[in-house]
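Naming: A, B, ... by sequence-line order, numbering from 1 per chain. Keep in mind that what you see is a predicted model, and the values were worked out from it rather than measured.
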There are 2 protein chains.
Amino acid sequence: MKELIAKYREKGFKLTPQRIAILKFLDGNTSHPAANDIYRNIKKDYPTVSFATVYNTLQALRDRREVAEITIDFQKKHYDPDLRPHHHIICTECNKIADVFQDYSEALRLPYHIKDEFQATANHVNFYGICKKCQKIKKGGTKLCA
Amino acid sequence: MKELIAKYREKGFKLTPQRIAILKFLDGNTSHPAANDIYRNIKKDYPTVSFATVYNTLQALRDRREVAEITIDFQKKHYDPDLRPHHHIICTECNKIADVFQDYSEALRLPYHIKDEFQATANHVNFYGICKKCQKIKKGGTKLCA
DNA sequence: ATTTAGATTAGAATGATTCTAATATTAGAA
DNA sequence: TTCTAATATTAGAATCATTCTAATCTAAAT
Ligand SMILES: [Mn+2]
Ligand SMILES: [Mn+2]
Ligand SMILES: [Zn+2]
Ligand SMILES: [Zn+2]
């Protein structure tokens, strides 16, 4: 809380109640929220908050490398406050996203003709699968209601 | 051409001139086009073609596993007629996408606690980098005009 | 307390994608 | 070939995520 605020103030990031609420929501959050998830949550405490503020703040944080955008979902961007290099697995049924902390960089060597054409700067592995809960639902039967 | 058409007819995929144009455009295409790229190209021969047809056809092909959707671009979906398992590298400056045919699956082992929670079905590596052309532009100076 | 750079806001604009409902075509049957 | 049913096409509207605009407000430095 206080440390969090101090950290951003030091970096010259102007703090407002809305921004603090967003930072608090993101701090330690492992749910990989999309912009709308953040908006809904902040709105509880700041009913007048606007979508623009959420997007502006996310952009500012992204530009300062304080959050990462992840491209695992075909529909929308998700945000990740955990900047440690890691990968993700997403449930193709319910879109639940989990972290995969595993360093594959040794193995992810590019073929020479690609190295020749691109100067690689980053890599990210997307795993797809079905989570436990969705496995059960599929097995147990199709629908919950007739 | 003929084999291509025969292949789809056999599979009960109803063929229309527009669909054939889309299939031809995709066949052997390594450019990873987005829907709009396909639309623009088909429009040359079928000026009345609609966006809906392009999207409908892409959906039908995707459902039949005849094209893959790729999530490497934050802005939009790209389509890939090459179904062999492979990965991609995208230029963060110009969005050029290239194929990376390299099998990393041996190395991409998931941690046990993830295996416990997810039944993994697929994986895809996104590499990010800067292509040769964009490297030159950056080095040579900032802008082409004053 | 004053000042100003930067943040907030509602709402409009944009861009990608999906939906709708009327019309037209394909492909198989007669 | 002609008929028919199933399916595809179309323009345009609708939706959803995201960005932009321009007026107003506020953090935080002086
Ligand atoms: Mn993560
Ligand atoms: Mn490819
Ligand atoms: Zn799930
Ligand atoms: Zn480039």
Strand-adjacent residues in residues 65-77 of chain A, judged by heavy atoms under 4.0 Å from DNA chain C: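 Under 4.0 Å from DNA chain C: no residue of residues 65-77 of chain A.
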Taking side-chain contact (heavy atoms from CB on, under 4.5 Å) as the test, write out the residues that go with B:Thr92, two or more places apart.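 Residues passing side-chain contact (heavy atoms from CB on, under 4.5 Å) with B:Thr92: B:Tyr128, B:Ile130.
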Write down the protein N/O and nucleotide N/O pairs, taken from nucleotides 23-30 of chain D, whose separation is under 3.5 Å; answer none if there are no such pairs.
unit_1 : atom_1 : unit_2  : atom_2 : d
D:dA27 : O3'    : A:Leu15 : O      : 3.0
D:dA28 : OP1    : A:Arg9  : NH1    : 3.2
D:dA28 : OP1    : A:Leu15 : N      : 3.1
D:dA28 : OP2    : A:Arg9  : NH1    : 2.7

Side chain to side chain donor-acceptor pair (under 3.5 Å): which pairs involve residues 49-61 of chain A, sequence neighbours left out? none
Integer-rounded Å distance: C:dA16 P and B:Tyr79 OH: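 One finds 12 Å between P of C:dA16 and OH of B:Tyr79, rounded.
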If you measure from the Lys or Arg side-chain nitrogens to the Asp or Glu carboxylate oxygens, is any gap between B:Lys96 and A:Glu117 under 4.0 Å?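 Yes.
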Who are the side chain to side chain donor-acceptor pair (under 3.5 Å) partners of B:Asp103, not counting sequence neighbours?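 With neighbours one apart ignored, the set is B:Ser105.
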The ring-ring contact (aromatic ring centres under 6.0 Å, His included) partners of A:Phe13 (sequence neighbours excluded) come to A:Tyr8
With sequence neighbours left out, write down each residue that passes ring-ring contact (aromatic ring centres under 6.0 Å, His included) with A:His32, or none if nothing qualifies.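 Once residues adjacent in sequence are excluded, the partners of A:His32 under the ring-ring contact (aromatic ring centres under 6.0 Å, His included) criterion are A:His88.
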Indicate whether OP1 or OP2 belonging to D:dT7 is found under 4.0 Å from a side-chain N or O atom of B:Arg19.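 Negative; the distance criterion is not met.
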Please list all pairs passing the salt bridge (charged side-chain N to carboxylate O under 4.0 Å, His left out) test where one or both residues lie in residues 3-15 of chain B, with sequence neighbours left out. B:Lys7-B:Glu66, B:Lys11-B:Glu66
Quick test of your reading: applying salt bridge (charged side-chain N to carboxylate O under 4.0 Å, His left out), list the pairs with at least one residue in residues 38-53 of chain B, sequence neighbours left out, ordered by first then second residue. B:Asp37-B:Arg40
Which pairs count as ring pair (Phe, Tyr, Trp, His ring centres under 6.0 Å) when at least one residue sits in residues 60-83 of chain A, sequence neighbours excluded? none
Heavy-atom contacts under 4.0 Å between residues 45-56 of chain A and DNA chain D, which residues?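 When residues 45-56 of chain A is checked for heavy atoms under 4.0 Å from DNA chain D, the hits, listed by number, are A:Ala52, A:Tyr55.
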In the hydrophobic cluster built from side-chain contacts under 4.5 Å, what are the other members alongside A:Phe118?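 A:Phe118 clusters with A:Ile89, A:Val100, A:Tyr104, A:Leu108, A:Leu110, A:Ile114, A:Val125, A:Phe127, B:Ile89, B:Val100, B:Tyr104, B:Leu108, B:Leu110, B:Ile114, B:Phe118, B:Val125, B:Phe127.
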